[in-house]
Number of protein chains: 2
Amino acid sequence: MTTPSSPQGDDGSRWLSDEEQRVWQSYLHGTLLLEDHLDRQLQRDAGLPHIYYALLVHLSHAPDMSLRMTELAKGIKITRSRLSHAISRLEASGWVRREDCSSDRRGQLACLTQSGLAKLRESAPGHVAAVRQGLFDRLSPEQVVQLGEIMRAMTAGLEPESRGADLPWRR
Amino acid sequence: MTTPSSPQGDDGSRWLSDEEQRVWQSYLHGTLLLEDHLDRQLQRDAGLPHIYYALLVHLSHAPDMSLRMTELAKGIKITRSRLSHAISRLEASGWVRREDCSSDRRGQLACLTQSGLAKLRESAPGHVAAVRQGLFDRLSPEQVVQLGEIMRAMTAGLEPESRGADLPWRR
DNA sequence: CCGAACTGGTTAAACGTTCAAGGATAGGTA
DNA sequence: TACCTATCCTTGAACGTTTAACCAGTTCGG
């Protein structure tokens, strides 16, 4: 489902093998389903999209539960623009607070509030359970290791070759 | 990055192990990067989001290059609503045409046009190359097999337990 | 046949993301 | 100091997705 038919591009580029096609289909299908599963669980139980939840978690691990916007964006791998919108929403809900950065007047800190921390504590178990149910409970220990390796290999090739409009580091 | 700290939920639910945490991070990171890679490549070279491209491909494999809306939605695993919007856009671009279904007057067929087929032929090689570059070129043959297995296992657990508003079959 | 329930598909509004632009501060370099 | 450029973050508009109705046609039980 990646290509029309015929085994090879006119320009000599290779299509995918049958095996690769099947795996690619499974990949698309599986990742879509899992993402959806998690998004729904969080939306339902916490009223948050997955990425917004990830932002709270990330902040909760940071010193003082606060981070510079750019750091946070890099950590979660989203654009600053997206982060800016997201933090606005989280701020409106009272889970995050913006603070001016003392050492750089351009800077802003995103700080997790007590209310945000409470929100997180409350919704974490359900989320973890969903991750287990959707992924780890279905994989053997060897498969977990394999998946880690595979993802490392994937990531390696896609990392930080700057492109795009907003950024030197990509989404 | 899935949970706040402490090894176990108050209710006795298990957190993820360190290994699992790492793998989960890699998974989130890797899948995000790959999806982004493909979306950008297609947006840049074909002016289409990945899913829209997938719709064209799916149609190109169907008999008469046309499918009932619901079939198409099931094939790609998206909601009917989303499909409806998507087909409207593709129709506006002239790559897909809607036709009334002769056997069921409620039904609509989405048909790939010649122009849509041309579009597909033109953009396929670049897309395949991106899939190779982002995934298959970085995996050993064994890893490809492993990935297939892992995705099958994931999918199995998430498949069709109807929930949500619009549907019996989920996104 | 009649009505209830279901199926196929669309729509409007709310939401989130991207894209392109812009304002403010910082860090050079002359 | 005066500039030029890079960095930090935000904004508004365009786009795509979700959600929750909604209408029309079909099916099934009486």
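If you're wondering where the values come from, they're calculated on a predicted model, not measured in any experiment. The figures here come from the full heavy-atom set of this structure, side chains too, leaving out hydrogens, waters and symmetry mates. Below, chain A is the first sequence line, B the second, and so on; all start at residue 1.
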I want to confirm an ordering. Mapping B:Arg98 and A:Gly47 to their closest nucleotides on DNA chain C, which one lands closer to the 5' end? B:Arg98
Quick one: on DNA chain C, does A:Ser103 or A:Pro49 contact a more 5' nucleotide (nearest heavy atom)? A:Pro49
Considering only C:dT18, D:dC9, D:dT18, which nucleotide approaches the side chain of A:Gln108 most closely? D:dC9
Against the side chain of B:Arg40, the closest entry in C:dC19, D:dC8, C:dC15 is C:dC19
What about [X], does its side chain sit under 3.5 Å from the base of [N] through a donor-acceptor pair?
{"X": "A:Arg106", "N": "D:dT7", "result": "yes"}
{"X": "B:Ser81", "N": "D:dT17", "result": "no"}
{"X": "A:His85", "N": "D:dG12", "result": "yes"}

With respect to the phosphate group of [N], does any side-chain polar atom (N or O) of [X] fall under 4.0 Å of OP1 or OP2?
{"X": "B:Arg68", "N": "C:dG9", "result": "yes"}
{"X": "A:Arg80", "N": "D:dC9", "result": "no"}
{"X": "B:Tyr52", "N": "D:dC15", "result": "no"}
{"X": "B:Arg89", "N": "D:dG16", "result": "yes"}
{"X": "A:Ser84", "N": "D:dT11", "result": "no"}

Distance, rounded to the nearest Å, where [X] contributes [atom1] and [N] contributes [atom2]:
{"X": "A:Ile78", "N": "C:dT17", "atom1": "CD1", "atom2": "P", "answer": "7 Å"}
{"X": "B:Leu83", "N": "D:dT17", "atom1": "CG", "atom2": "P", "answer": "10 Å"}
{"X": "A:Ile51", "N": "D:dT17", "atom1": "CD1", "atom2": "C1'", "answer": "14 Å"}

Check the hydrophobic clustering (I, L, V, M, F, W, Y; side-chain heavy atoms under 4.5 Å; chains of links allowed) and say if A:Leu90 and A:Leu67 are grouped together.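 Same cluster.
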With sequence neighbours left out, write down each residue that passes ring-ring contact (aromatic ring centres under 6.0 Å, His included) with A:His50, or none if nothing qualifies.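 Once residues adjacent in sequence are excluded, the partners of A:His50 under the ring-ring contact (aromatic ring centres under 6.0 Å, His included) criterion are A:His127.
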Comparing A:Gln43 and A:Ile87 on DNA chain D - which has the more 5′ nearest nucleotide: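 Nearest nucleotide further toward 5': that of A:Ile87.
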Hey, are B:Ser60 and B:Arg121 close enough side-chain-wise for a donor-acceptor pair under 3.5 Å? no
Once rounded to the nearest 0.5 Å, what's the spacing between atom OG of B:Ser17 and atom CZ of B:Arg22?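 With rounding to 0.5 Å, OG (B:Ser17) is 8.0 Å from CZ (B:Arg22).
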